[in-house]
Amino acid sequence: MPRLDPYFKQVDSLKDTFIQRLREAVAIPSISSEDERRPDVVKMGHWLADQIKALGGTVELRELGKQPQHEHLDLPPCLLARYGDDPKKRTVLLYGHYDVQPAQKSDGWNTDPFTLTIDEKDRMFGRGSTDDKGPVLGWLNAIEAHQKAGIELPVNLIMCFEGMEENGSEGLDDTIRAEAKKFFKDADVVCISDNYWLGTEKPCLTYGVRGCNYYSVEVSGPGADLHSGVYGGMTHEPMTDLIRIMNSFVDPDGKILIKGIDDLVAPLTEDEAALYPPISFTMSDLHEGLGSETSIYDNKEDSLKHKMRYPSLSLHGIEGAFYTPGAKTVIPAKVIGKFSVRTVPNMEIDDVTALVQKHVDAEFAKLKSKNKMKFNVVHCGKWWVEDPSHPNYTAAAKAVERVFGVQPDMTREGGSIPVTLTFQEELGKNVLLLPMGSSTDGAHSINEKLDKRNYIEGTKLLGAYLHYVAEELKL
Ligand code: BES
Ligand code: ZN
């Protein structure tokens with residue numbers, strides 16, 4: 001059993017330093033989906049590179065070129081970093097992202113989203129706290145605590161931290177492919193900390209994510225926004241057409257109404273069905289995460305299956321919809337509806353897109369509208385499932401037991417991390433998701449937070465994992 005106590009002690013004594021590190025990171029609004037925030041995403045990349053250099057690592061800020069369909073914008077750099085280069089040690093590849101979802105106080109945050117704010121329950125609020133700045137910094141904290149404790153890291157680290165994950169990881173697949181036999185060649189296993197525990201008490205190891213096919217439908221007609229009193233009743237209205245199309249995708253119970261989608265889904269086997277009952281998760285965990293009791297299913301097994309192994313379709317918003325408060329008697333001239341399908345084995349990206357497009361075309365044709373409709377594929381990333389019996393997982397389970405005193409749940413995630421599959425396929429190495437945050441953290445939502453306990457114990461966990469994985473993969 002690795003000697004970890006001096007490391008754990010050091011993590012505890014560096015707690016305030018680590019929180020300060022997260023505070024600085026949260027203060028940089030690195031929102032990848034907003035063009036005008038791009039300089040902040042770049043700033044965040046440089047800040048992170050400086051942190052790694054200060055710890056003695058080497059870093060390249062790899063430029064990824066222009067952003068597709070936004071040719072005036074450079075993609076934020078991807079950090080390719082190394083810490084340690086000892087041929088007698090195994091090498092672990094760490095991936096994470098330093099970009100965040102949008103956030104504005106006016107969305108309903110109780111505090112400024114870009115000022116880390118700690119409440120009396122030791123919850124640290126701020127955009128990116130749990131997704132994914134806290135976990136990324138957890139790795140740096142682990143390095144620092146080892147240094148200060150005078151303990152050598154038992155593995156070499158290769159790091160790949162990107163700034164475009166929340167936008168479909170644009171540009172990264174090519175880099176991973178190009179570097180698989182170069183920069184990433186020494187990697188023995190991959191570890192990603194970018195998801196969440198199922199509840200609030202028990203850690204989990206995650207061996208699958210759903211894919212995400214993201215689409216938009218644009219409907220336009222009139223040359224400009226019109227007065228609804230002057231023109232209402234005399235023109236086909238883009239919003240009316242779009243709402244009809246958007247309304248045809250899914251029923252109120254979440255059933256996808258696009259013909260052929262269900263046939264692409266791998267049937268549930270008995271062995272697989274047996275995996276769900278032992279998972280420690282309750283309907284009240286779900287309701288706590290939802291902040292309501294609006295769950296579709298009344299039991300944990302069905303809820304979990306629909307998160308982990310069935311597809312879902314969500315409607316995300318309508319651009320041009322005049323959604324700000326106040327009665328406005330306008331006919332919007334052009335509206336863009338956005339939606340996505342979370343995909344699972346054995347759904348292929350292109351098969352899903354073909355069915356969705358066919359459905360959209362048919363629904364629009366039914367309307368006999370003179371407006372113009374354009375269907376767009378925004379981004380697509382495929383699902384990933386890994387072999388959880390690999391030593392990479394055994395090591396992580398031992399680390400969880402050591403730090404938290406429990407056996408982790410084995411889970412698949414409903415969310416998506418597009419590059420998990422790319423790493424698995426291009427490097428041919430086992431990929432593990434080792435989360436730090438909990439189900440109530442509110443990633444992508446208002447009042448996103450990371451509990452101090454998850455951050456500090458999570459830092460211990462990441463460091464402990466490196467020791468156990470070195471042991472499991474002993475050369
Ligand atoms: N950290 C999440 C991934 C995640 C979410 C894992 C929920 C497990 C549960 C990540 O930052 C994310 O949100 N990814 C996007 C990817 C998409 C844009 C392709 C997502 O899932 O929406
Ligand atoms: Zn994330």
Side-chain angles (χ1 to χ4, degrees), residues 25-26 30-34 41 44 67 94-103 126-139 160-173 191-199 203-216 281 285-286 289-290 304 306-309 311-317 338-344 349 352 377-386 409 411-422 431-445 448-450 454 458:
V26 164
S30 51
I31 303 166
S32 54
S33 61
E34 292 178 357
V41 186
M44 181 66 208
Q67 181 171 340
L94 311 175
Y95 161 86
H97 64 95
Y98 63 80
D99 62 320
V100 298
Q101 286 279 315
R127 177 55 94 224
S129 52
T130 195
D131 185 12
D132 183 31
K133 290 178 175 177
V136 164
L137 297 185
W139 294 115
C160 173
F161 296 140
E162 67 154 320
M164 216 42 191
E165 195 272 350
E166 300 290 5
N167 232 349
S169 293
E170 284 199 281
L172 194 59
D173 273 358
C191 184
I192 301 176
S193 188
D194 185 23
N195 67 306
Y196 324 99
W197 301 353
L198 271 182
C204 63
L205 308 182
T206 304
Y207 60 96
V209 295
R210 293 195 290 185
C212 183
N213 283 16
Y214 201 108
Y215 305 110
S216 70
F281 180 72
D285 286 332
L286 175 55
L290 287 172
L304 288 177
H306 280 271
K307 167 192 175 106
M308 295 180 181
R309 66 101 55 221
S312 61
L313 189 154
S314 301
L315 308 179
H316 303 303
K338 297 178 282 195
F339 66 103
S340 70
V341 183
R342 296 284 170 172
T343 60
V344 296
I349 288 176
V352 173
V377 179
V378 179
H379 57 67
C380 295
K382 201 176 160 181
W383 46 267
W384 155 84
V385 183
E386 185 55 277
D409 277 322
T411 66
R412 282 162 62 178
E413 262 298 359
S416 309
I417 307 172
V419 297
T420 42
L421 179 70
T422 320
V431 183
L432 157 77
L433 301 195
L434 182 57
M436 173 183 269
S438 84
S439 63
T440 52
D441 286 355
H444 293 210
S445 184
E448 177 182 344
K449 58 94 176 157
L450 178 63
N454 284 64

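Counting convention: from 1, in listed order, for ligands and their atoms alike.
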**Message:** Under 3.5 Å, is there a donor on one side chain and an acceptor on the other for Asn167 and His379?
**Reply:** no

**Prompt:** Which is closest to atom 21 (O) of ligand 1 by heavy-atom distance: His316, Arg342, His444, Glu413?
**Reply:** Arg342

**Residues forming a ring pair (Phe, Tyr, Trp, His ring centres under 6.0 Å) with Trp197, sequence neighbours excluded** = Phe404

**Message:** If I take every N, O or S atom of Asp194, is at least one of them less than 2.8 Å from the Zn ion (ligand 2)?
**Reply:** yes

**Request:** Around atom 15 (C) of ligand 1, find the nearest protein heavy atom and jot down its residue, atom name and distance.
**Result:** Ser416 O, 3.6 Å

**Fill in**
Restricting His97 to its N/O/S atoms, the closest one to the Zn ion (ligand 2) is NE2

**Item:** Structural part of Tyr214 in contact with ligand 1, heavy atom criterion under 4.0 angstrom
**Value:** neither

**Request:** Within a distance under 4.0 Å of any heavy atom of Ile417, pick out the atoms of ligand 1 and give their elements.
**Result:** 3 (C)

**Fill in**
For atom 1 (N) of ligand 1, the closest protein heavy atom turns out to be Asp194 OD1, 2.7 Å

**Request:** Return the set of residues passing ring pair (Phe, Tyr, Trp, His ring centres under 6.0 Å) with Tyr95 (not counting sequence neighbours), or none when no residue passes.
**Result:** Phe423

**Item:** Check: Val209 and Trp383 side chains under 4.5 Å, non-hydrogen atoms
**Value:** no

**Message:** One pair to check against side chain to side chain donor-acceptor pair (under 3.5 Å): Asp173 and Thr422. What are the steps and the verdict?
**Reply:** CA-CA 7 Å; Asp173 273 358; Thr422 320; 2.8 Å; yes

**Message:** Quick one, Ser312 with Lys307, criterion side chain to side chain donor-acceptor pair (under 3.5 Å). Give me CA distance, side-chain angles, the key distance, then yes/no.
**Reply:** CA-CA 8 Å; Ser312 61; Lys307 167 192 175 106; over 6 Å; no

**Complete:** At under 4.0 Å between heavy atoms, what of Asp131 touches ligand 1? The answer is side chain

**Message:** For a distance under 2.8 Å, tell me if Glu166 has an N/O/S atom near the Zn ion (ligand 2).
**Reply:** no

**Asked** Hey, which atoms in ligand 1 end up nearer than 4.0 Å to a heavy atom of Asn195?
**Response** 6 (C), 8 (C)

**Request:** Test side chain to side chain donor-acceptor pair (under 3.5 Å) on Ser416 and Lys382 and set out the steps.
**Result:** CA-CA 8 Å; Ser416 309; Lys382 201 176 160 181; over 6 Å; no

**Request:** Do me a favour and list the nearest non-hydrogen protein atom to atom 11 (O) of ligand 1 with residue, atom name and distance?
**Result:** Glu165 OE1, 2.7 Å

**Message:** Any donor-acceptor pair under 3.5 Å linking the side-chain atoms of Thr206 with those of Arg412?
**Reply:** no

**Prompt:** Which N, O or S atom name in Asp131 marks its closest approach to the Zn ion (ligand 2)?
**Reply:** OD1

**Item:** Heavy-atom gap Arg210 to ligand 1 smaller than 4.0 Å
**Value:** no

**Item:** Closest approach of any protein heavy atom to atom 17 (C) of ligand 1, naming residue and atom
**Value:** His379 CE1, 4.2 Å

**Message:** Does any N or O of ligand 1 fall below 3.5 Å from an N or O anywhere on Asn167, backbone included?
**Reply:** no

**Item:** Polar contact flag, side-chain donor to acceptor under 3.5 angstrom, Glu162-Ser169
**Value:** yes

**Prompt:** Parallel, tilted or perpendicular: which describes the rings of Phe339 and Tyr215, with under 30° parallel and over 60° perpendicular?
**Reply:** tilted

